[in-house]
Structures are given as structure tokens and as C-alpha cells.
2 protein chains.
Amino acid sequence: MYVDVMSSAALHEPTFLILAALAEGRKHGYGLIAEAETLSDGRVTLRVATLYTALDRLRKEGLIAPAGEEVIDGRLRRYYELTDDGAATLTQEIARMEQLAARATVRLRHRPGFAFGWGGGAWA
Amino acid sequence: MYVDVMSSAALHEPTFLILAALAEGRKHGYGLIAEAETLSDGRVTLRVATLYTALDRLRKEGLIAPAGEEVIDGRLRRYYELTDDGAATLTQEIARMEQLAARATVRLRHRPGFAFGWGGGAWA
DNA sequence: TCAACATACATCAGTGACCGATACATATCA
DNA sequence: TGATATGTATCGGTCACTGATGTATGTTGA
């Protein structure tokens with residue numbers, strides 16, 4: 001299998017959400033859309049075009065793999081699951097995000113004219 | 001000024017690095033390339049084409065602003081700085097990344113067949 | 001009963017951020 | 001003097017994402 005081990009290209013958000021959603025276990029297309037919405041607190045709605053092209057691409061890259069088909073209520077479901085390579089990539093991506101977030105936070109605190117209320121910020 | 005407050009589109013890595021690099025204070029083009037390289041541990045080299053198109057776009061969006069020009073050793077330097085909107089966007093993006101990273105981590109731990117050694121992982 | 005809606009699959013053409021290549025100018029170094 | 005580093009900037013190509021569209025079945029409500 002051909003795996004670009006040294007790839008450092010950051011995952012786009014929809015792609016990340018697909019891998020993260022599959023981390024729990026196998027899911028089918030529409031299940032992934034629902035899970036991505038949950039993961040992002042409703043911020044991101046996976047579009048079908050994005051989903052199916054991403055699914056195809058990730059399968060070719062060996063990050064996910066088909067995991068059976070079922071017919072539920074007369075409707076076909078195609079399942080996918082994370083491969084070990086996919087889990088490794090996701091792990092790497094999480095580490096990248098955490099490190100960048102941490103470093104950006106430090107720099108923001110050092111910002112000249114740093115203020116606690118910069119207008120429009122919601123601290124929940 | 002027109003600001004898309006509810007924008008939920010994730011920043012791409014180069015764009016994020018530019019904003020994060022500017023969080024410390026004003027910087028010029030080549031300074032940003034160096035800072036982005038530092039921030040990403042040498043993983044990401046900002047390309048000039050990416051840099052200048054992003055600088056233009058971010059300026060139009062009001063996230064950064066020109067912050068003076070200088071001539072050092074006969075070479076022109078154009079400086080940029082974060083606007084308050086830019087700092088707010090960066091803050092929001094950091095929160096998004098941290099939340100997604102945390103949630104993805106939880107799901108990965110619940111992964112069926114979860115193993116500690118999945119091949120190729122470097123725990124430093 | 002039949003139209004509207006939800007579930008579930010899929011494709012096509014357009015957009016926009018990113019990137020390799022290229023260009024120009026000045027300073028330094030071998 | 002030719003290569004390398006710093007500094008600016010543009011052009012055309014690639015590719016992930018997206019809006020629109022298509023097909024099919026099951027459910028819900030007037």
C-alpha cells in the first residue's frame with residue numbers, strides 16, 4: 001500500500017469531521033452527516049457532494065475502508081470504517097491542532113493592546 | 001464596516017498561521033514566512049503566492065491592516081498587524097480547534113480495537 | 001390518495017485557497 | 001561575477017469544497 005507518511009498537509013474541516021466521526025466505529029453516509037453536525041455543535045453541515053467525493057478520496061488514500069452494506073427499511077446503507085492508517089492520521093492531526101491552538105493562545109496573550117473585551121466576544 | 005460575525009468557515013492552515021504570527025505584533029511578509037515556520041515546527045513553509053494573496057484577502061475582510069513601511073538595507077518592508085476583528089476571529093478559531101481536538105480524542109479512545117501501538121506513531 | 005418530507009444513494013459544474021514557477025531589485029559572500 | 005539571501009509581487013494550475021440536480025423508497029398528513 002502507498003502511504004504518504006511524511007504528509008504534513010492539514011486536513012480540511014469536513015475531512016477531519018468524517019475521520020473523527022468514524023473513530024467511534026463504522027457509519028454510513030447519512031450517519032456521518034448527522035455525526036459531523038453533532039461534533040461541530042451544528043456549525044458544520046456536511047454537503048452530500050463533499051461527503052461522497054471525500055469518502056472516495058479517503059478510501060483511495062487508505063484512511064478509510066468499506067465496512068459492509070445493509071438494507072434498512074428498503075434503503076441501502078453503505079458503511080465505512082477507519083483503517084489503522086486513518087486512525088494514525090487523525091491522531092497526528094489532533095496533535096497538530098492542539099499544538100497550534102496552544103501556541104496561538106500564547107501569542108494572543110502577548111498581543112500589544114491586549115484587552116479582555118474586544119467587542120462581540122461571547123464567553124458563554 | 002462589514003463583518004460576517006456568524007461565519008463558521010474554518011481557516012486553512014496557512015491563513016491561521018498568518019493570523020497567529022501577527023498576534024504577537026506587526027510583521028512584514030518575509031517575517032511572517034519565518035514566524036509561520038517556527039509556529040509549525042518547520043512543518044509549513046508559507047509560499048509567497050499564498051502569503052500575498054492571503055494578505056490581500058485578509059485585509060479586504062478587515063482581519064489585518066497595513067502597519068507602515070520601512071526601508072531596511074535598501075529593501076522595502078511592508079508591515080501588517082491584526083485588527084480587533086482579526087484577533088476575535090483568531091480567538092474563535094482557537095476555540096473551534098480545541099473543541100474539535102478534544103471531541104475527536106474522546107471518540108478515538110472509544111474506537112473498536114483501539115491499540116496503543118498502531119505503527120509509525122512517535123510519542124517523542 | 002396523493003403531495004410533501006425524510007432517508008439514502010450519487011454526479012456535475014463552479015468557486016476559491018493554495019502552490020509552483022516566474023519576475024524584479026538590492027545586499028552579501030565566495 | 002555568479003550564487004545566495006532578503007524582499008516585493010503576479011500568473012496559471014490544482015484540488016477540496018459546495019450548490020444544484022437526479023433517482024428511489026418509506027412515512028406523514030390533509
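Below, chains carry the letters A, B, ... as their sequence lines are ordered, and counting in each starts from 1. Predicted model only: the values in this text are computed from it and were never measured.
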Report task. State which residue, out of L55(B), T50(B), D56(B), fulfils the side chain to side chain contact (heavy atoms under 4.5 Å, CB included) condition with Y52(B). Result -> L55(B)

Query raised in the report: Can you check whether E13(A) reaches L100(B) side chain to side chain, under 4.5 Å on heavy atoms?
Result: yes

Query raised in the report: Is there side-chain contact between L32(B) and L17(B), with heavy atoms separated by less than 4.5 Å?
Result: no

**Report entry** Interatomic distance, E70(A) CD vs dT7(C) P [rounded to whole Å]
**Finding:** 17 Å

Query raised in the report: When you match T50(B) and L11(A) each to their closest nucleotide on DNA chain D, which lands nearer the 5' end?
Result: T50(B)

Report summary line: L55(B) CG to dC18(C) P, in whole Å, measures 12 Å

**Report entry** Integer-rounded Å distance: dC17(D) P and E13(A) CD
**Finding:** 10 Å

Query raised in the report: Does T45(B) offer a backbone N or O that forms a donor-acceptor pair with the side chain of R47(B) under 3.5 Å?
Result: yes

Query raised in the report: OG1/T53(B) to CG/L58(B) distance, rounded to the nearest 0.5 angstrom?
Result: 9.0 Å

List, with names and distances, any nitrogen or oxygen atoms from the protein found under 3.5 Å away from nitrogen or oxygen atoms belonging to nucleotides 23-27 of chain D.
residue	atom	partner	partner atom	Å
dT25(D)	O2	R75(A)	NE	3.2
dG26(D)	O4'	R75(A)	NH2	2.9

Requested in this report: Can you tell me the distance, in whole Å, between the CZ atom of R77(A) and the P atom of dC9(C)?
Outcome: 8 Å

Query - Distance test, side-chain N/O of Y30(A) to OP1/OP2 of dC9(C), below 4.0 Å - result: no

**Report entry** Side-chain N or O of H28(B) closer than 4.0 Å to phosphate OP1/OP2 of dT8(D)
**Finding:** no

Query raised in the report: Any side-chain N or O of T15(A) under 4.0 Å from OP1/OP2 of dA16(D)?
Result: no

**Report entry** Integer-rounded Å distance: dA10(C) C1' and L32(A) CG
**Finding:** 15 Å

Query raised in the report: With no hydrogens and no angle check, is any side-chain donor or acceptor of T83(B) less than 3.5 Å from a backbone partner on A65(B)?
Result: no

Query raised in the report: Between R26(A) and Y79(A), is there a donor-acceptor pair closer than 3.5 Å when you use the side chain of the first and the backbone of the second?
Result: no

Query raised in the report: Is the closest side-chain heavy-atom distance between L51(B) and Y30(B) below 4.5 Å?
Result: no

Query raised in the report: Considering heavy-atom distances to DNA chain D, does L46(A) or L76(B) have its closest nucleotide positioned more toward the 5' end?
Result: L76(B)

Query raised in the report: Between atom OH in Y80(A) and atom C1' in dA8(C), what is the gap in whole Å?
Result: 12 Å

Contacts under 3.5 Å, N or O only, protein and nucleotides 13-16 of chain C:
none

Query raised in the report: Hey, does the side chain of R47(A) come within less than 4.0 Å of dC17(D)'s phosphate (OP1/OP2), counting only N and O?
Result: no

**Report entry** Nearest-neighbour nucleotide for the R78(A) side chain, dT18(D), dA9(D), dA10(C) considered
**Finding:** dA10(C)

Query raised in the report: Does a side-chain N or O from H12(B) land closer than 4.0 Å to OP1 or OP2 of dC18(C), or not?
Result: yes

**Report entry** Spacing between L51(A) atom CG and dT7(C) atom C1', to the nearest angstrom
**Finding:** 14 Å

**Report entry** Lys/Arg-Asp/Glu bridge criterion (N-O < 4.0 Å) met for D84(A), R111(B)
**Finding:** yes

Query raised in the report: Could you give the CD-to-P distance, from E93(B) to dA17(C), as a whole number of Å?
Result: 14 Å

Query raised in the report: Got a second to check how far Q99(A)'s CD is from M97(B)'s CE, nearest 0.5 Å?
Result: 10.0 Å

